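One structure below.
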Amino acid sequence: MTELIFRDDGYRRSCNARVTAADGRGIRLDRAVFYPMGGGQPGDTGVLRLASGPAIAIVDTIKGALPDEVVHVPASGSALPELGTELVAEIDWERRYRLMRMHTCLHLLCSIVPGAVTGGQVSDGRGRLDFDVPGSSLDKEAIATRLNALIAEAHPVGPRWITDEELAAKPELVRTMSVKPPSGMGRVRLMEISGVDLQPCGGTHIRNTSEIGGVAVTKIENKGKQNRRIILALAE
Ligand SMILES: [Zn+2]
């Protein structure tokens with residue numbers, strides 16, 4: 001079993017870890033501070049520092065075939081570490097923090113726009129959500145004003161766990177039709193923005209909406225009769 005540090009503490013930048021597997025697919029460690037791509041959030045990049053020899057640059061992180069398996073993808077041409085090697089795993093924190101700020105910001109957007117979410121993507125400094133909403137009722141400036149107000153109100157953000165049964169009894173919690181919450185593990189992780197939003201999410205988030213800073217609605221695109229894509233950008 002891999003200890004998923006990023007899940008309990010999104011602010012951890014590094015950890016000591018041991019190599020449990022290393023092959024053509026990538027490097028697996030007993031502890032994961034690197035977030036693997038999923039739920040619309042990209043995988044982390046960073047570096048694995050060994051006691052001796054060159055550091056290994058990690059260009060992506062993905063999920064493996066086993067539950068909780070995290071695969072660190074090394075830069076091509078990297079020498080793979082031996083099984084059991086002790087190392088320090090360190091994420092590119094600047095990038096990850098921008099991803100966390102945008103991820104939480106997209107949850108705020110969810111709470112503002114009515115209609116089911118049909119897709120979404122967190123990117124570095126940018127993000128988008130697709131909504132199933134009829135007509136062209138969405139106003140760019142109004143959404144931006146509301147978003148920035150929620151950010152300024154400094155709402156606490158944090159995880160909460162419920163059982164599969166509790167989630168099944170409350171299907172309205174699931175806003176994103178394209179990203180099914182992981183079920184069958186007995187429990188589901190919810191992300192709560194106090195007084196604003198509550199939905200299943202396995203991603204990494206900031207602790208308070210004020211950390212997002214300013215955000216702009218860059219564009220609202222028509223992606224079909226009932227599909228509107230809202231694109232956001234962090235102010236810095
Ligand atoms: Zn999320």
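All figures in this text were calculated on a predicted structure; none of them were measured in a lab. All ligand and atom numbering here is 1-based and tracks the order in the structure.
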Glu86: what forms a side-chain contact (heavy atoms from CB on, under 4.5 Å) with it, not counting sequence neighbours?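 In terms of side-chain contact (heavy atoms from CB on, under 4.5 Å), with neighbours along the sequence ignored, Glu86 is linked to Arg18.
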
Heavy-atom neighbours of Arg25 CZ exceed 12 at 6.0 Å: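 For Arg25, atom CZ is crowded (more than 12 foreign heavy atoms under 6.0 Å).
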
Closer than 3.5 angstrom, by distance alone: can the side chain of Thr204 be matched with the main-chain N or O of Met100 as a donor-acceptor pair?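 No: the side chain of Thr204 does not pair with the backbone of Met100.
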
Could you go through residues 75-85 and list every donor-acceptor pair under 3.5 Å that involves a side-chain atom there, pairing it with any protein atom two or more places apart or in another chain?
unit_1, atom_1, unit_2, atom_2, d
Ser78, OG, Ala75, O, 2.5
Thr85, OG1, Glu82, N, 3.4
Thr85, OG1, Glu82, O, 2.6

Between His205 and Thr104, is any side-chain donor less than 3.5 angstrom from a side-chain acceptor?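 Their side chains do contain a donor-acceptor pair, which is all the 3.5 Å distance test asks for.
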
Which residues share a salt bridge (charged side-chain N to carboxylate O under 4.0 Å, His left out) with Asp124, sequence neighbours left out: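 Testing Asp124 for salt bridge (charged side-chain N to carboxylate O under 4.0 Å, His left out), a comparison that skips the adjacent residues, returns Arg98.
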
For the Zn ion (ligand 1), state how many protein N, O or S atoms fall inside a distance shorter than 2.8 Å.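 There are 3 of them.
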
